[in-house]
Amino acid sequence: MTSETQTAEQQPDHYDSFAEAYARANENGLFNRWYARPAVLDLLGDVAGRRILDAGCGSGPLVADLKERGASVAGFDASPAMIRLARKRLGDDADLKVADLSLPLPYDNEAFDDALAVLVLHYLEDWSGPLTELRRVLRPGGRLVVVVNHPVIPPVMYPEVDYFATVPNTEEYDFDGVSATLTIWYRSLSAMSESFTAAGFRISAISEPPVSPDTPPELLPPSDSDPTRFIGFIFFALEASPTVAPESDRADVGVFASTSTPVS
């Protein structure tokens, strides 16, 4: 992975150009299949009968995992290509939409018991709008699980990046032989915490978990200590406070819902 700083956010449908390669790479890849997904499921616990929103669902692997565990799941992604892949996985009757987390979401107030934002928020400079919308669609006491790149990565990998600033970094990745450029917005742990609080969430857990015990050994990185633990992502379990933003402070959800784009 290489890097260079830049100032522009990537377009919401940026993943369209490499969606299939990304989905293939993550189907059995270390960071998604054996690290992020099991840790998210552990944080959620028993989800039977719960209404869950997967924000930035990609090709739908977590939606499938949660449905298998008895949850009622809706998902959205800004990439039409990703939603098409999710429909192939989940079927035409799956509750999937093309929608942008940086805009008002096409869901009613307090529609969900839990929500997920897994490897999504770190593509955005401003977290205030997305977190406020996720709070709006959660019932009071509902849970939001957030997973982002660990904030200690910049001082370790990119020492020229100011840890205490919210700054973009352009990074090159290889997904199953397809090169892709992603812009990650790094911010400090305290900045993350302040954003959660301002949007009406309380942090109930912060996790830096090991990989799944079922991880194939050949996928683990070389290590002089414990190869099942490394600095990759940081996981937050948040609880929605009883107070929501006034109706006058939010966009008309019905108007946006009429313009969201289901993909068949």
Side-chain angles (χ1 to χ4, degrees), residues 12-16 18-20 22-27 29 31-33 36-45 47-124 129-139 142-148 233 235-238 240 253 256-264:
D13 61 356
H14 181 68
Y15 268 77
D16 278 6
F18 54 92
E20 292 191 7
Y22 180 87
R24 289 195 305 270
N26 284 320
E27 198 65 33
F31 293 105
N32 195 299
R33 170 64 180 85
R37 283 166 55 192
V40 168
L41 295 171
D42 285 347
L43 280 173
L44 287 171
V47 296
R50 296 182 71 85
R51 301 163 298 163
I52 301 179
L53 175 65
D54 188 355
C57 65
S59 62
L62 266 171
V63 175
D65 290 340
L66 292 166
K67 287 173 70 71
E68 288 176 0
R69 288 161 172 77
S72 173
V73 192
F76 72 88
D77 201 281
S79 165
M82 283 293 190
I83 292 297
R84 284 193 289 271
L85 291 173
R87 284 208 182 280
K88 288 182 181 179
R89 180 195 297 269
L90 300 164
D92 290 339
D93 60 343
D95 186 355
L96 300 169
K97 300 180 187 297
V98 174
D100 186 344
L101 185 56
S102 65
L103 299 173
L105 298 178
Y107 304 101
D108 292 336
N109 294 351
E110 301 182 11
F112 299 99
D113 300 303
D114 305 305
L116 314 176
V118 179
L119 306 180
V120 175
L121 285 176
H122 55 209
Y123 296 126
L124 302 175
L131 286 172
T132 298
E133 274 297 277
L134 290 169
R135 171 62 194 89
R136 178 184 65 76
V137 303
L138 281 171
R139 64 170 178 79
R143 301 175 298 173
L144 172 63
V145 173
V146 171
V147 185
V148 293
F233 308 139
F235 298 72
F236 298 92
L238 310 176
V253 177
F256 184 76
S258 68
T259 62
S260 63
T261 311
V263 172
S264 58

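Hydrogens, waters and symmetry mates are skipped; everything else that's a heavy atom, side chains included, is used.
L138 is not listed as a side-chain neighbour of E110, based on a closest heavy-atom distance of 4.5 Å or more. Side-chain contact check for R37 versus P61: some heavy-atom pair is nearer than 4.5 Å. Taking 4.5 Å as the limit, some side-chain heavy atom of L131 sits within range of a side-chain heavy atom of L121. Considering only heavy atoms from C-beta on, L134 stays 4.5 Å or farther from F112 through its side chain. Using a 4.5 Å heavy-atom cutoff, the side chains of L43 and F235 are in contact. Side-chain atoms of R69 and L41, non-hydrogen and from C-beta on, do get closer than 4.5 Å to each other. Within the 4.5 Å cutoff, no side-chain heavy atoms of L238 are placed close to those of V145. At least one side-chain heavy atom of L44 sits under 4.5 Å from a side-chain heavy atom of L66.
Residues D77 and S79 bring no donor and acceptor atom of their side chains to less than 3.5 Å of each other.
Between the CG atom in L62 and the SG atom in C57 there is a gap of 9.5 Å [rounded to 0.5 Å]. A distance of 11.0 Å separates CG of L119 from CZ of F31, quoted to the nearest 0.5 Å. Atom CG of residue L116 and atom CG of residue D54 lie 5.0 Å apart, to the nearest 0.5 angstrom. Between the NZ atom in K67 and the CG atom in D95 there is a gap of 8.5 Å [rounded to 0.5 Å]. Here the straight-line distance linking atom CZ of F233 with atom NE2 of H122 works out to 7.0 Å at 0.5 Å rounding. One finds the CG atom of L103 at 4.5 Å from the CG atom of D100 (value rounded to the nearest 0.5 Å).
Between the side chain of R87 and the backbone N or O of A94, at least one donor-acceptor pair lies under 3.5 Å. Not one N or O on the side chain of R135 forms a donor-acceptor pair closer than 3.5 Å with the backbone of P130. A donor-acceptor pair under 3.5 Å is formed between the side chain of E133 and the backbone N or O of L105. Counting only distance, with no hydrogens or angles, the side chain of R89 and the backbone of S59 share a donor-acceptor pair below 3.5 Å. Between the side chain of D16 and the backbone N or O of A81, at least one donor-acceptor pair lies under 3.5 Å.
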Next item on the list: Decide side chain to side chain contact (heavy atoms under 4.5 Å, CB included) for L53 and F76; before the verdict, give the C-alpha distance in whole Å, the side-chain angles of both, and the deciding distance to 0.1 Å.
Entry: CA-CA 8 Å; L53 175 65; F76 72 88; 3.9 Å; yes
Next item on the list: Check step by step if side chain to side chain contact (heavy atoms under 4.5 Å, CB included) holds for I83 and K97.
Entry: CA-CA 7 Å; I83 292 297; K97 300 180 187 297; over 6 Å; no
Next item on the list: May I have the step-by-step check of side chain to side chain contact (heavy atoms under 4.5 Å, CB included) for V47 and I52, ending in yes or no?
Entry: CA-CA 9 Å; V47 296; I52 301 179; 3.9 Å; yes
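Classification of D113 and R139 as a salt-bridged pair holds, one side-chain N sitting under 4.0 Å from a carboxylate O. Taking the charged nitrogens against the carboxylate oxygens, R84 and E20 have no contact shorter than 4.0 Å, which rules out a salt bridge. Looking at E27 and R24, no side-chain N of the basic residue comes within less than 4.0 Å of a carboxylate O on the acidic one, giving no salt bridge.
Annotation for L85 and A23: closest pair CD1-CB, 4.1 Å, computed over non-hydrogen atoms. In terms of heavy-atom proximity, A99 sits nearest to P106 at CB-CD, 4.0 Å.
Classified by interplanar angle (parallel below 30°, tilted 30° to 60°, perpendicular above 60°), the ring pair Y123/Y15 is perpendicular.
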